[in-house]
Undergrad: 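Before I ask anything, here is the structure I am working with.
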Amino acid sequence: MRAEIITIGSELLSFYFTETNSMYLTRKLEENGIIVGFKTTVGDNEDDIINSIKIATSRVPILITTGGLGPTEDDITKSAFSKALAKKLIFSEEILHKIKERFKKKGIEMPEINVRQAFFLEGAEILDNEVGIAPGMWIEDESNKIAILPGPPSELIPMMEKYVIPKLRKLAPYHISRKTLKIAGLSESETDSMISDIYRNIKNPRVTLLAYPGQIEIHILGRSKKSQSEAEETVEGLALKFKERLGDNVFSTSEKSLEEHLGELLRERNETLAIAESCTGGLLSSRITDVPGSSDYFERGIICYSNQSKVEMIDVEKKLLEIHGAVSREVSIAMAESIRKKSKTTYGIGITGIAGPAGSTKEKPVGLVHVALSFEGGYKHSKNQFFGTRSQIKFQATQKALDMLRRHIIEKSNYKT
């Protein structure tokens with residue numbers, strides 16, 4: 001059972017707008033046993049929308065569209081569907097009354113232009129919009145099942161959850177199970193080379209590798225016509241093989257982030273952390289404190305960006321900076337050790353580097369980042385060369401710091417994720 005998603009609106013084709021509806025819809029469809037075969041984005045051109053509808057209904061049984069249900073001249077989704085499916089547009093006094101009531105509750109008289117939203121396609125089931133104005137529609141025949149939904153996520157999501165998903169569950173031929181393995185410390189090619197022989201010739205479950213800065217994800221999607229438990233067993237069996245092969249490189253087998261997982265490790269051991277960061281500008285502290293309850297283990301974070309601040313705030317020796325420079329192994333270690341001792345915490349992390357695009361030299365290029373971890377009786381240091389934009393380099397540096405501490409905790413306590 002395959003589906004197509006058509007997102008409608010010229011703004012979606014612009015440089016300034018990020019389209020997110022199709023990602024949400026894809027997840028919901030796959031969760032309910034329906035695979036997305038195609039995604040199409042089309043501007044506010046009636047002929048283009050008509051052609052997109054005709055193509056979609058000819059190649060998949062399920063079509064979901066978003067957008068173009070508003071009251072303005074460029075909201076032409078219903079008109080395009082009318083022509084593509086050869087269905088009349090019918091005026092509904094009941095829909096118009098509901099629209100007027102929505103405006104009345106806001107203390108506003110309905111503009112005449114909104115009358116356009118009271119038309120629906122003949123034979124369609126009306127999907128009430130409990131958040132906004134534009135109702136959706138569900139059209140069903142022997143060949144196709146079509147959901148026509150509004151564009152704003154605040155309106156689309158409640159409509160999808162309440163009306164469309166229950167209908168899709170009845171259509172789906174499979175029970176579906178999903179699992180995600182999150183990996184740090186390996187590249188996409190390294191990860192694939194370690195596990196490709198396990199899944200290369202397997203069609204069920206379906207395996208997808210996704211690469212992000214500093215993180216790889218393995219998405220496993222299993223299906224069964226027999227039962228939900230069979231689908232889950234299929235997925236769990238493959239996930240276990242991956243985890244045995246990848247070992248401690250896997251930090252999560254759920255949706256947990258690296259900072260969430262690290263927080264659990266620190267809380268379980270009643271251990272604490274303090275951070276001194278330079279090139280990351282507070283991003284590491286921000287990621288850690290995004291986790292609810294992080295005050296249980298996070299004592300403080302200091303942004304010491306300039307050389308002067310490193311000297312004044314965390315007592316890095318001025319001579320050390322003069323000899324080795326701020327971006328160096330020696331300074332990162334001094335930052336980590338100083339912040340740990342000042343804060344009286346179990347661990348201290350120091351980060352210093354060049355996030356770019358300026359400030360580099362031949363010896364110290366953009367993306368060079370030193371990360372150090374301090375603990376009672378010792379320290380660890382990592383010299384890294386990251387690539388990408390300024391924000392990507394900063395994120396990879398924080399990912400490295402989090403993973404360095406995670407691996408240290410696992411190593412010293414033989415903790416198994």
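Note that the structure is a prediction, hence the values are computed from the model and not measured.
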Undergrad: For a quick check under 3.5 Å, do K226 and H175 share a side-chain donor-acceptor pair by atom type?
TA: no
Undergrad: Only one of C279, S278, S332 forms a side chain to side chain contact (heavy atoms under 4.5 Å, CB included) with I351, so which one is it?
TA: C279
Undergrad: Could you give the distance from CG (N384) to CD1 (I393), rounded to the nearest 0.5 Å?
TA: 11.5 Å
Undergrad: Check whether the side chains of S224 and E230 place a donor and an acceptor atom closer than 3.5 Å, and report yes or no.
TA: yes
Undergrad: Taking only Lys NZ, Arg NE, NH1 and NH2, and the carboxylate oxygens of Asp or Glu, determine whether R269 and E264 approach each other closer than 4.0 Å.
TA: no
Undergrad: Which atom names give the shortest non-hydrogen contact between G67 and T77, and what distance separates them?
TA: O-OG1, 2.8 Å
Undergrad: Would you call R178 and E30 a salt bridge, taking side-chain N to carboxylate O under 4.0 Å as the test?
TA: yes
Undergrad: So how far is it from I8 CD1 to N45 CG, rounded to the nearest 0.5 Å?
TA: 11.5 Å
Undergrad: Is the CD atom of E322 crowded by more than 12 outside heavy atoms at less than 6.0 Å?
TA: yes
Undergrad: With a 4.0 Å cut-off, would you call K100 and E109 a salt bridge?
TA: no
Undergrad: So, D192 and Y199: side-chain donor and acceptor under 3.5 Å apart, yes or no?
TA: yes
Undergrad: Going by the side chain to side chain contact (heavy atoms under 4.5 Å, CB included) test, name the single residue among L29, I6, I146 that passes it with I64.
TA: L29
Undergrad: Between K105 and E101, is the closest basic N to carboxylate O distance under 4.0 Å?
TA: no
Undergrad: Pairing donors with acceptors under 3.5 angstrom, does anything connect the side chains of T191 and E188?
TA: no
Undergrad: Can you tell whether the side chains of K39 and E4 come within less than 4.0 Å, N to carboxylate O?
TA: no
Undergrad: Distance only, no hydrogens: is a donor on one side chain within 3.5 Å (strictly under) of an acceptor on the other, for T41 and T7?
TA: yes
Undergrad: To the nearest 0.5 Å, how far apart are CG in L209 and CD in E217?
TA: 10.0 Å
Undergrad: Answer yes or no: is there a donor N or O on one side and an acceptor on the other, between the side chain of D75 and the main chain of T72, under 3.5 Å?
TA: yes
Undergrad: List the steps, then state whether salt bridge (charged side-chain N to carboxylate O under 4.0 Å, His left out) holds for E317 with K310.
TA: CA-CA 8 Å; E317 292 183 15; K310 291 176 177 65; over 6 Å; no
Undergrad: For Q308, look at atom CD and say whether over 12 heavy atoms of other residues, nucleotides or ligands are found less than 6.0 Å away.
TA: no
Undergrad: Is it the case that more than 12 heavy atoms not belonging to H324 sit under 6.0 Å from its NE2 atom?
TA: yes
Undergrad: With a 4.0 Å cut-off, would you call K167 and E140 a salt bridge?
TA: no
Undergrad: Could you give the distance from CE (M137) to CZ (F119), rounded to the nearest 0.5 Å?
TA: 12.0 Å
Undergrad: Tell me which one of N32, L221, I34, V235 satisfies side chain to side chain contact (heavy atoms under 4.5 Å, CB included) with I176.
TA: L221
Undergrad: Check the pair R407, N249 against side chain to side chain donor-acceptor pair (under 3.5 Å), reporting the backbone distance first and the verdict last.
TA: CA-CA 9 Å; R407 289 173 183 271; N249 293 300; 2.7 Å; yes
Undergrad: What verdict does the side chain to side chain donor-acceptor pair (under 3.5 Å) test give for E277 and S285, after you've listed the backbone C-alpha separation in whole Å, the side-chain angles of each residue and the deciding distance to 0.1 Å?
TA: CA-CA 8 Å; E277 48 187 319; S285 299; 2.8 Å; yes
Undergrad: Give a yes or no on whether a salt bridge exists between E271 and K412, defined as a side-chain N under 4.0 angstrom from a carboxylate O.
TA: yes
Undergrad: Can a salt bridge be assigned to the pair D315 and K342 using a cut-off of 4.0 Å between side-chain N and carboxylate O?
TA: yes
Undergrad: Can you tell me if Q396 uses its side chain to pair, donor with acceptor, with the backbone of Q392 under 3.5 Å?
TA: yes
Undergrad: Do N21 side-chain atoms and G151 backbone N/O form a donor-acceptor pair below 3.5 Å?
TA: yes
Undergrad: Crowded around K256 NZ? As in, over 12 foreign heavy atoms under 6.0 Å?
TA: no
Undergrad: Taking the cut-offs as 6.0 angstrom to the six-membered ring centre and 45 degrees off its axis, would you call R340 and F375 a cation-pi pair?
TA: no
Undergrad: Hey, does the side chain of R329 reach the backbone of H381 with a donor-acceptor pair shorter than 3.5 angstrom?
TA: no
Undergrad: When you check the gap from the basic side-chain N to the acidic O, do K241 and D197 get nearer than 4.0 Å?
TA: no
Undergrad: Less than 3.5 Å apart, any donor N or O on the side chain of H261 or E259 sitting next to an acceptor on the other?
TA: no
Undergrad: Between E255 and K179, is the closest basic N to carboxylate O distance under 4.0 Å?
TA: no
